[in-house]
Amino acid sequence: MDTNCVIRNVNEHVGETVTIGAWINNKRSSGKIQFLQLRDGTGYIQGVVVKSEVSEEIWNDAKSLTQESSVYVTGIIREEPRSASGYEMTVTGVKIIHLTENYPITPKEHGVDFLMDHRHLWLRSTKQRAVMVIRAEIIRAVQQFFDGNGFTQVDPPILTPSSAEGTTNLFHIKYFDEDAYLTQSGQLYMEAAAMALGKVYSFGPTFRAEKSKTRRHLIEFWMIEPEMAFVDHEESLRVQENFIAHVVQSVVKNCRAELESIGRDVSKLEGITAPFPRITYDEAIEFLNGQGFDIPWGEDFGAPHETAIAEKYNTPVFITHYPAGIKAFYMKPDPNRPEVVLCADMIAPEGYGEIIGGSQRIDDPELMQQRFEEHNLSDEAYQWYLDLRKYGSVPHSGFGLGLERTVAWICGLDHVRETIAFPRMLYRLYP
């Protein structure tokens, strides 16, 4: 009796006859032998059909197969050192499920717009599949790190009544008779959760109505946002670097084949180990001005500035102690120098920009009230957030990781549009 199996597990069936449900990724022939490149979502294997070893019907069925036709292929699994997977199938039977005609994505070059219009099919390609597998491994490693380090996962709301950071870049919707917005961050809610559970993290979608077309921006993206009670800025930095090192090494260990298949230089990832270098905002300004950038103290960094700093390092680098005036209202001032805050941005190497932003949060009720007044924030809308400082305030810190930028960096992709199955970008809502 044949055994049903998936390509990922063929190593367990060497010498056995198995049946695999698959699609034809590609096909070539050398007269009396046909080579079927099979994929089933878990991996790839070559099926070899020898004319003298199968019936004429099976030979003709194999010959009729087209790109992306679906089949049940039966055959014997053999070791094959020359194969990328190390295995090959000697085909003994082919059962056609569906013959595909005129599949639109052929092995030739296609433009980006064409591929994005056919994203539902482009996902089947070797590179796009590999990126999705790596993304899934990153998500698994994220949850493994936090679940294994005493964090509780909490889900903040996606619909919010207002934004403490302003609503200009938020998507407005009607919530019955009230105004509401799609969230751009769950952080404030996660602070409330941390006061109940100690160490928490969220993992969910966020939305930003920013009309940006850069290669680093998506309209809909996923964030991982931990918050930690009784944790100061320094301890938070240690959590961040250990977290990123864990994620990168998990991908290197479990997705090496996928990384290599998309041409990623794995050696650049193997060297990502904690601790990471740190420079202050002041040191960054001095370095950038020495490199020919004309950037005054008090101005935020853009992509060219972050890239210039990152080029000095082979690992992510922290930039700490930014001016209070260019950072969010809730960041705690440095007690020794109140014009800067206890914060850090983690800049990925190789020009991928900021992947983490984090800080110690203000825990003083009076200072938080003062910040609300300075930023014209509504006490009514966010009284609950002020309550966190009113009832048992403690030192606490947190950070946010952008998943898609992290996928882009780890995979070595030029654009974030390939980091998520169905990207939402400016002017693109299809498919």
Side-chain angles (χ1 to χ4, degrees), residues 145 187 214-216 223-226 228 231-249 265 267-362 395-402 405-406 408-410 412:
F145 177 85
Q187 180 211 310
T214 80
R215 65 187 181 91
R216 295 180 178 181
M223 291 280 288
I224 295 95
E225 297 185 283
M228 301 164 284
V231 168
D232 64 14
H233 174 60
E234 281 296 317
E235 188 177 346
S236 177
L237 294 184
R238 289 193 291 273
V239 172
Q240 292 174 48
E241 60 195 3
N242 288 330
F243 164 53
I244 291 298
H246 169 80
V247 169
V248 172
Q249 295 313 316
D265 184 348
S267 66
K268 290 185 176 181
L269 299 176
E270 289 173 327
I272 306 297
T273 55
F276 297 159
R278 304 178 187 182
I279 62 170
T280 64
Y281 173 88
D282 293 346
E283 291 168 335
I285 287 287
E286 183 179 355
F287 167 76
L288 289 168
N289 286 327
Q291 296 293 306
F293 290 94
D294 183 18
I295 179 167
W297 194 95
E299 208 169 279
D300 206 357
F301 300 138
H305 308 117
E306 292 176 347
T307 298
I309 293 166
E311 284 175 351
K312 286 183 62 184
Y313 306 94
N314 295 320
T315 67
V317 55
F318 287 112
I319 305 176
T320 69
H321 297 83
Y322 282 77
I326 58 174
K327 285 299 183 181
F329 75 94
Y330 48 72
M331 295 188 178
K332 184 179 179 70
D334 185 333
N336 301 315
R337 191 184 169 199
E339 67 268 26
V340 301
V341 287
L342 299 174
C343 72
D345 288 348
M346 184 190 291
I347 310 300
E350 304 175 69
Y352 284 92
E354 177 196 339
I355 53 172
I356 286 182
S359 72
Q360 187 167 340
R361 318 310 193 186
I362 291 174
H396 63 288
S397 301
F399 59 93
L401 171 81
R405 283 194 189 180
T406 305
W409 162 48
I410 291 177

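Quick note: numbers below take in every heavy atom, side chains included, and nothing from hydrogens, waters or symmetry partners. These figures come from a predicted structure and were not determined experimentally.
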Partner set under salt bridge (charged side-chain N to carboxylate O under 4.0 Å, His left out) for [X], not counting sequence neighbours:
X      : value
Asp300 : none
Glu350 : Arg264, Lys268
Arg215 : none

[atom1] of [X] to [atom2] of [Y]: how many Å apart, nearest 0.5 Å?
X      : Y      : atom1 : atom2 : value
Phe318 : Glu241 : CZ    : CD    : 5.0 Å
Asp282 : Ile319 : CG    : CD1   : 12.0 Å
Ile295 : Ile285 : CD1   : CD1   : 4.5 Å
Ile356 : Phe399 : CD1   : CZ    : 5.0 Å
Asn242 : Thr273 : CG    : OG1   : 10.0 Å
Arg361 : Phe329 : CZ    : CZ    : 10.0 Å

Sequence-distant partners of His396, ring pair (Phe, Tyr, Trp, His ring centres under 6.0 Å), two or more places apart: none
Side-chain donor/acceptor of [X] to backbone N/O of [Y], under 3.5 Å:
X      : Y      : value
Gln360 : Lys332 : no
His246 : Phe243 : no
Glu283 : Thr280 : yes
Gln249 : Ile272 : yes
Arg405 : Glu354 : yes

What is the minimum heavy-atom distance between Asp265 and Ser267, and which atoms define it? OD1-OG, 2.5 Å
At their closest point, which heavy atom of Pro338 faces which heavy atom of Ala324, and how far apart are they? O-CB, 4.4 Å
Any side-chain heavy atom of [X] sitting closer than 4.5 Å to one from [Y]?
X      : Y      : result
Val239 : Phe145 : yes
Leu288 : Phe301 : yes
Asp232 : Leu342 : no
Lys327 : Asp345 : yes

Heavy-atom neighbours of Asn289 CG exceed 12 at 6.0 Å: yes
When you look at Ser359 and Tyr330, which way does the side chain to side chain contact (heavy atoms under 4.5 Å, CB included) test go after all the steps? CA-CA 9 Å; Ser359 72; Tyr330 48 72; 4.3 Å; yes
Applying salt bridge (Lys or Arg N to Asp or Glu O under 4.0 Å) as the test, list every pair that has at least one member in residues 305-325; sequence neighbours left out. Arg216-Glu306
Step-by-step side chain to side chain contact (heavy atoms under 4.5 Å, CB included) determination, Phe287 to Ile279: CA-CA 10 Å; Phe287 167 76; Ile279 62 170; 6.0 Å; no
Apply the test side chain to side chain contact (heavy atoms under 4.5 Å, CB included) to residues Tyr322 and Met331: give CA-CA distance (whole Å), side-chain angles for both, the deciding distance (0.1 Å), then the verdict. CA-CA 10 Å; Tyr322 282 77; Met331 295 188 178; over 6 Å; no
Could you go through the side chain to side chain contact (heavy atoms under 4.5 Å, CB included) check for Ile355 and Trp409 one step at a time? CA-CA 9 Å; Ile355 53 172; Trp409 162 48; 3.9 Å; yes
Going by side chain to side chain donor-acceptor pair (under 3.5 Å), name the residues that satisfy it together with Glu235, two or more places apart in sequence or in a different chain. none
